[in-house]
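Taking it in order: structure first as structure tokens, then the write-up.
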Amino acid sequence: NPSRLLRHILSIILVGVVLLPIITRAKFSPEMGLFPSEWEKTNQAIQSIPAGSPLLVVFDYDPALAGELEVAASPVINHFLALDAHLALISTNPTGPALGEKFLDNIRPAYPALHLAYTNLGYLAGGPTGMSLFSTDPRQAVAQAVDGKPAWDVPALTGIHHLADFGAVIILTDNADTGRLWIEQTRASIGNTPLLMVVSAQAEPMIRPYFDSGQIQGLISGLMGGKTYEQTYATPGLARHYWDTFGIGIMTTVILITVGSIWSAVKSLSARKKAGLEKP
């Protein structure tokens, strides 16, 4: 069947092209010339966070979207770890604590002492009520870390009594409703602590109004957000490889569609001419 053979050939071409940047680690796409409109304010908020600060990182995304969120968040977390920040991980999603550990496992080789640089506070039950309680009294909301040890006895967290005591709050989510709840439930107690959100591309349109109104100070969205971060701080990582794969995949798809359209038009024109010649 010629059409089936053609589908197989096209599939092999697309898969091969997408795998090429991953296998060769070569650069196939140019660097971004224009950054997202939110990046200037986001970068200013990032620069305002003191080095060595304790940071609250919320892992509130589903495993199915882990690939996109990890690409967007990896340069952010790497940046703050390089500045000796201590991360306090928490999640209102039952799978969140495990996703947080998996996330850090991926960057662990670059930080031999990473186990000293974070505390996994685990699962925060109660939905909006739990968020509200944690924002006003984190010690009452979470007493023990995932490893069973007292959560707040870590030297970097001994000064944390309110949400405003963190150097920043970073929320990773693919769900606009979850992001909205965190914004609304922490608004009264977060004080001047910067609130940054790393979201999936599908959640970004619903979260953007909170950024435009100043209720959140930083917004990093999907692959483009991660690539912007890496390019700004000259730290090529996972987003660079994804960017090349995405770019060459789109380019190849456009070329194949164009060639297919031209071929189809030529065949159609040829068939019409042949039919016209065969008429008596």
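One is the number of the first residue; the rest follow in order along the sequence. Keep in mind the model is a prediction, meaning the values are calculated, not measured.
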(message) Test your reading of the model: is there a side-chain donor-acceptor pair from Ser48 to the backbone of Ala45, 3.5 Å cut-off?
(response) yes
(message) Taking Ala156's backbone N and O only, do any of them form a donor-acceptor pair with His86's side chain (distance below 3.5 Å, no angle check)?
(response) no
(message) Taking atom CD as the centre, does Glu40 end up with more than 12 heavy-atom neighbours from other residues, nucleotides or ligands that are less than 6.0 angstrom away?
(response) no
(request) Find the distance between OG1 (Thr173) and CD1 (Ile207) and round it off to the nearest 0.5 Å. (result) 7.0 Å
(message) Rounded at 0.5 Å granularity, tell me how far CG in Leu195 sits from CZ in Arg187.
(response) 10.5 Å
(message) Is the ring pair Tyr61/Phe59 parallel, tilted or perpendicular, if the boundaries are 30 and 60 degrees?
(response) tilted
(message) Please check this pair: side chain of Ser268 against backbone of Ser264, looking for a donor-acceptor N/O pair closer than 3.5 Å.
(response) no
(message) Can you confirm whether or not the ring centre of Tyr233 sits under 6.0 Å from the ring centre of His79?
(response) yes
(request) Without swapping roles, check the side chain of Trp182 against the backbone of Pro128 for a donor-acceptor pair under 3.5 Å. (result) no
(request) Check whether more than 12 heavy atoms from other residues, nucleotides or ligands sit under 6.0 Å from atom CG of Asn192, and answer yes or no. (result) no
(request) Would you check if the side chain of Glu230 reaches a backbone N or O of Pro75 as a donor-acceptor pair within less than 3.5 Å? (result) no
(request) Step through the shown structure and confirm whether more than 12 heavy atoms of other residues, nucleotides or ligands are within 6.0 Å of CG on Leu269. (result) yes
(message) Among Asp60, Asp62, Thr178, which residue satisfies the side chain to side chain donor-acceptor pair (under 3.5 Å) criterion with Asn93?
(response) Asp62
